[in-house]
Amino acid sequence: MSFFSFLYTPAILFMVIVAPLWIILHYKSKKRSEAGLSEHERQQLEDLLVKLDKMSERVETLEEILDSRHGKWRRSTEEERYQNGH
């Protein structure tokens with residue numbers, strides 16, 4: 001019995017069972033990755049963007065309040081960062 005006849009059966013099993021499954025799953029995953037965001041994911045992204053806009057407005061409002069009440073707050077936070085090594 002030669003070396004090639006020993007590999008004959010596993011090679012046939014690979015080509016008949018494993019290779020087709022591998023190809024099918026590969027193209028399914030490729031199709032799924034090219035499809036982009038699902039409707040649910042798109043809606044979640046929109047919700048997060050709305051929340052981001054609200055948070056940005058809040059931060060700007062807080063900065064305006066701090067600027068009006070404590071004009072040196074930016075300088076003091078920068079000095080604290082410098083002292084803490086950040």
Side-chain angles (χ1 to χ4, degrees):
M1 189 177 254
S2 71
F3 180 71
F4 292 112
S5 64
F6 176 71
L7 292 178
Y8 186 72
T9 304
I12 289 176
L13 288 175
F14 178 81
M15 289 188 297
V16 172
I17 298 172
V18 176
L21 286 174
W22 191 349
I23 292 170
I24 290 168
L25 293 174
H26 168 74
Y27 283 107
K28 274 188 173 182
S29 68
K30 195 170 190 177
K31 181 181 175 184
R32 188 176 299 135
S33 68
E34 290 175 355
L37 297 176
S38 68
E39 189 60 38
H40 177 68
E41 292 170 332
R42 192 169 281 124
Q43 184 61 42
Q44 283 182 325
L45 182 60
E46 289 293 325
D47 293 342
L48 287 173
L49 288 173
V50 168
K51 289 179 183 180
L52 176 66
D53 289 338
K54 288 180 183 178
M55 290 299 292
S56 294
E57 290 174 10
R58 289 178 180 174
V59 167
E60 287 177 17
T61 303
L62 288 171
E63 286 178 344
E64 289 173 6
I65 292 170
L66 285 169
D67 283 338
S68 67
R69 292 187 183 172
H70 307 284
K72 298 180 184 180
W73 74 272
R74 289 183 200 261
R75 199 172 332 133
S76 64
T77 56
E78 288 173 1
E79 288 172 359
E80 288 174 8
R81 281 193 210 138
Y82 179 74
Q83 290 172 356
N84 291 333
H86 292 108

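Only a predicted model underlies this, so the values are computations on that prediction, with no experimental measurement involved. No hydrogens, no waters, no symmetry mates; every other heavy atom, side chains included, goes into these values.
Residue V16 is grouped with residue L13 when hydrophobic side chains (ILVMFWY) are merged at heavy-atom distances under 4.5 angstrom, including chains of intermediate members. Note: the hydrophobic cluster containing L52 does not contain V59 (ILVMFWY, side chain heavy atoms under 4.5 Å, direct or indirect links). The hydrophobic clustering, which links ILVMFWY residues whose side-chain heavy atoms are closer than 4.5 Å, places I12 and L21 together. Linking Ile, Leu, Val, Met, Phe, Trp and Tyr whenever their side-chain heavy atoms come within less than 4.5 Å leaves F14 and I24 in two separate clusters.
Rounding to the nearest 0.5 angstrom, the gap separating the NE2 atom in H26 from the CH2 atom in W22 is 10.0 Å. Separation of atoms CE (M55) and CG (L62) is listed at 9.0 Å; rounding is to 0.5 Å. For the atom pair E57 CD and K54 NZ, the distance stands at 9.0 Å (nearest 0.5 Å). In this structure, the separation between CG on L45 and NE2 on H40 is 11.5 Å, given to the nearest 0.5 Å.
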